[in-house]
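First comes the structure, then the notes that go with it.
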Amino acid sequence: MGHRWRYVWGMSDYSEDDAFEAAVPLSQRAMARPAMPYLDGLNPAQRQAVETLDGPVLMLAGAGTGKTKALMTRIAHLIFKGRANPDQVLAVTFTNKAAKEMRARLEKEPFGIETPMRWMGTFHSISAKLLRRHAELVGLQSSFTILDSDDQLRLLKQLVVASDLDEKRWPPRMLAGIIDGWKNKALTPDKVPVAESGAFDGRGVDLYAAYQRRLRDLNAVDFGDILLHMVTIFQTHPDVLHQYQTRFRYILVDEYQDTNVAQYLWLRLLAAGHKNICCVGDDDQSIYGWRGAEVGNILRFEADFPGAHVVRLEENYRSTPHILAAASGVIAANKGRLGKTLFTSVKEGEKVRLIGHWDGEEEARWIGEEIEASQRGTRGMAPLGLDNMAILVRASHQMRAFEDRFLTIGLPYRVIGGPRFYERMEIRDAMAYFRLAVSPADDLAFERIVNTPKRGLGDKAVQTIQRTARANDVPLVEGARLVCQGRLLGGKGLKELTELVAGLDRWHAQVRAEADTHVELAEMILDESGYTGFWQNDKTPEAPGRLENLKELVKALENFENLQGFLEHVSLIMDNETEEQGEKVSIMTLHAAKGLEFPAVFLPGWEDGLFPSQRSMDESGLKGLEEERRLAYVGITRAEELCTISFAANRRVYGQWQSQMPSRFIDELPADHVEVLTPPGLYGGGYGAAGMAASASPAIMGAAGSDLHQKAHDADVYNSPGWRRLQTRSQQRGMAMPSEARNMTIDATAISAFCVDERVFHQKFGYGNVLAIEGDKLEIAFDKAGTKHVVGRFIVSADAADDVPF
DNA sequence: CAGGGGCCCATTTTT
DNA sequence: TGGGCCCCTG
């Protein structure tokens, strides 16, 4: 069927405007289509979302309910029904990846729409395209450049310095944040509310205005401007607005819960005429409030667009009932939701598993073992490939424990959202040198570094070496030696190659003689080979980072006996890891996981302060907590078959060992859908790190109760016999306790109901942070009342105070 | 100009 | 604890 329709829209060779003006009355031809088979696979809700073509539609699509399918089918339907040709559909996504995927899927069966959808893309890419056409309306030329955040920062820094502000107290980065915030709210300098005029030492607005002038002079825009300028143009040039209101007959928006105010206005202006706007989203998955997203946009949709059809997609095709119930239980604690009830026709499945550990290292170790067990097939489940498993963390620094552990046991992993350390070019180069020092016959390593750094040994020289080596049936290094002896190369190349061969000989001798420590040797190799110098002389902006990575690599060597030992561990992983191939466990942040799904998901680090993040709660209070809770919801709903939540009783935070309380979200897990596991090394159930913390949880015990934290504090858990027993047992079994923890005596901080840095609330003085603890007296820095010494019984944890309206 | 030392701070991230 | 940034020095 593809051909026929391709023909119909074969006008895409025209200029865009011609194509637009020519807007073909497609309906007759479309009607001629025999059937619309693409509608067949939809459930009633999806079908309604697809077939309600006119007027505003809000598609509330819970996790795993076939949102993308519905969205794409709707687009196809609009086109096949002849309501619009592909050029008249505005389809907005948040990431280029999402747009790309959607394009790809629309081209394939059952849709076969091969006419490119010109207006499918991110807010930014579409706006940039529009802005190039109308740049002069905001004083720019259409050739304007788009600054990245680095450029932006450099510019702002100049302005801050020029304004005699103390760069330390008023960092340009902060100004960038403030300005971005204003732009996200579609506030031009003249529109910034008076209430915010105190920002940035009272200079914020002025600097913002100066920055905008500077950008204009440079004929440049930053990311925020791309949208802001278009909103300005739409607001001040009705003719332009009208042009696009007419052009875009239908508007579709994905991830609507993530839109900020500027994007909202942009959409509302464009949709104002026909109101044919379909927003797809899930208020429960709004996790980008910190970068300006307004959940309010989705919550207010019906008010903004009176008469809107709201369609709820609630049938979940992804997860088992227990997983859905757990996720629903957690998210139910949020207020002001639009509300959806996910259901599934699946009957079976494992409960969500919950386990506590002594510390973060043990948690990583346990998860590693679980992953290996799942690979073999466990608990009657079929073996799972590594691609089917993921570890989702709150903050990227949590990844390190897993990377370290997986590297040690040789478990292949991939980090989503950031290149892996051992995959970086400079690390691979350095490793190649080490490999050659250990095994001179490593030809791959030789090929890799023979001309790195540049030695004037190009393709031709390498070919000569290879030919010689092959002719004499020797490794490449020996081939190179023969080339040097026979003077088969000329001039500079010969000299350099001779030097390299001599160096390799020397390093190899050192390895064998064990004259120096392997760390010193590694440093020597990197220096003498000229590799370090190569990056030092490199002027590209990446060079310093690469040097840092090399330092890091050398530091990592300290954990091994010798170079060989290190290489063995890493090479096991790297060698059968041909680029992006092979099965790997995924490690990523919860944010990065949105939109993905895995049969098995691990959710480590569910500890108050880490998750929910203390900072989130401090900065945004209840709002912040609710966003964290949505993050928990996103995490759980990534799992198809098996979801494992874990926490550690102790964790190193900024180099300090800290006792951790299980996350309050654990309390919110419905007990009937959770299986509490006993941590390894602990005999029987009893008081395990998990057992204790979990059974302290009313939810898990099935007891009525509401405030785990207060109870836990009251019960003085860290001083409890159970806790001591755990500590002793762990020691006896030589469990995964780092030496610091092993020797740790339980100090006043842990015994007190509060801990240093804890956020607390005082009836009279308000909120504050604990500075120090002496017996039952606390030194607290109150936000408003200053630093005071207070007796502990007048203080409640800020967590508990959250329930008090403020 | 590059590197060392000291100091401050410490999520989430796309465009 | 440790990474990034700035400043100072050789």
Side-chain angles (χ1 to χ4, degrees), chain A residues 92-99 121-129 131 146-154 157 161 166-169 171-174 176-177 180 183-184 221-228 230 254-255 258-260 262-263 266 285-293 360 392-401 416-418 421 532-533 535-539 543-545 547-549 551-552 555-556 588-595 605 609-620 624 627-628 630-632 634-635 651-658 738 740 757:
Chain A
V92 195
T93 61
F94 267 84
T95 63
N96 287 314
K97 190 179 159 218
T122 62
F123 277 105
H124 291 270
S125 66
I126 291 168
S127 282
K129 201 148 114 186
L131 187 55
I146 300 170
L147 303 188
D148 63 22
S149 32
D150 261 11
D151 302 320
Q152 183 193 24
L153 206 58
R154 218 170 303 131
K157 194 177 161 181
V161 169
D166 179 4
E167 238 189 290
K168 291 259 168 58
R169 274 195 68 196
R173 193 169 283 285
M174 180 196 271
D180 282 346
K183 289 186 176 176
N184 285 338
V221 298
D222 65 17
F223 287 120
D225 281 338
I226 296 173
L227 281 156
L228 184 53
M230 276 322 295
D254 196 10
E255 308 279 16
D258 288 336
T259 50
N260 61 34
Q263 289 158 341
W266 190 97
Q285 292 188 67
S286 163
I287 55 175
Y288 286 105
W290 50 274
R291 66 177 198 211
L392 312 182
V393 298
R394 174 63 182 85
S396 49
H397 64 78
Q398 291 171 261
M399 293 179 183
R400 192 172 182 159
I416 311 278
F421 184 73
T532 313
W535 284 114
Q536 283 167 344
N537 294 328
D538 189 290
K539 296 288 179 271
L547 284 167
E548 276 305 304
N549 290 337
K551 269 193 212 162
E552 181 97 31
K555 216 188 288 171
M588 71 191 89
T589 63
L590 287 163
H591 284 91
K594 197 169 81 164
L610 185 58
F611 186 47
S613 138
Q614 191 58 50
R615 188 157 168 184
S616 232
M617 294 186 290
D618 288 348
E619 286 178 0
S620 315
E627 184 155 311
E628 296 286 307
R630 291 192 290 269
L631 219 32
V634 167
R651 197 176 288 277
R652 244 183 135 129
V653 182
Y654 305 142
Q656 303 273 80
W657 281 98
Q658 268 191 19
E740 293 93 323
D757 289 340

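So that the names make sense, note that chain A is the first sequence line, chain B the second, and so on, each numbered from 1.
For C/dC5 and B/dT12, the P atoms lie 15 Å apart once the distance is rounded to whole Å. Using C1' as the reference atom, B/dT13 and C/dG2 are 23 Å apart when rounded to the nearest Å.
With distances taken from any side-chain atom of A/W290 to the nucleotides B/dT11, B/dT15, B/dT13, the minimum falls on B/dT13. The A/T95 side chain lies nearest to B/dT15 when the options are C/dC6, B/dT15, B/dA10. Across B/dT15, C/dG3, C/dC5, the shortest atom-to-atom separation from the side chain of A/R400 is found for C/dG3. Side-chain proximity of A/R615 to the nucleotides C/dC5, B/dT13, B/dA10 is greatest for B/dA10. Comparing atom distances between the A/E628 side chain and each of B/dT15, B/dT11, B/dT13 picks out B/dT11 as nearest. With B/dT11, B/dT13, B/dT15 as the choices, the nucleotide that has an atom nearest any side-chain atom of A/S613 turns out to be B/dT11.
A 4.5 Å side-chain heavy-atom check between A/F611 and A/Q398 finds every atom pair outside the cut-off. At least one side-chain heavy atom of A/K594 sits less than 4.5 Å from a side-chain heavy atom of A/D258. Using a 4.5 Å heavy-atom cutoff, the side chains of A/W266 and A/T259 are not in contact.
Donor-acceptor pairing under 3.5 Å, judged by distance alone, is present between the side chain of A/R394 and the base of B/dT12.
In this structure, A/Y654 does not pack face-to-face on the six-membered ring of C/dG2, missing the 5.5 Å centre cutoff or the 30° plane limit.
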Q: Run the numbers on A/H124 and A/L227 for side chain to side chain contact (heavy atoms under 4.5 Å, CB included), then give the verdict.
A: CA-CA 7 Å; A/H124 291 270; A/L227 281 156; 3.7 Å; yes
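Rounded to whole Å, atom C1' of B/dT15 lies 15 Å from atom NZ of A/K97. Residue A/I126 contributes atom CD1, which lies 19 Å from atom P of B/dT14 at whole-angstrom precision. Going from atom CG of A/D618 over to atom P of B/dT12 covers 16 Å, rounded to whole Å. Nucleotide B/dT13 holds its C1' atom 12 Å from the CG atom of A/L631, rounded to whole Å. One atom, CZ of A/R291, and another, C1' of B/dT13, lie 5 Å apart when rounded to the nearest Å. The nearest whole Å value for the distance from the CG atom in A/L590 to the C1' atom in B/dT14 is 17 Å. Atom OH of A/Y288 and atom P of B/dT11 are 16 Å apart (whole Å). Atom NE2 of A/H591 is separated from atom P of B/dT15 by 15 Å (rounded to the nearest Å).
Backbone-only contact: A/S396 has heavy atoms under 4.0 Å from sugar-phosphate atoms and none from a base. No engagement by A/Q263 is indicated, since no non-hydrogen atom pair under 4.0 Å with the nucleic acid exists.
Taking both residues in full, the closest heavy atoms of A/K183 and A/D225 are given as NZ-OD1, 2.8 Å, listed atom of the first, atom of the second, then distance.
Dashed line: the shortest gap from a side-chain N or O of A/S125 to OP1 or OP2 of B/dT15 is not under 4.0 Å.
Place A/K551 and A/G655 on DNA chain B by their nearest nucleotides, and A/K551 ends up nearer the 5' end.
Within the model, atoms CD1 of A/I226 and OG1 of A/T122 stand 8.5 Å from one another, a figure rounded to the nearest 0.5 Å.
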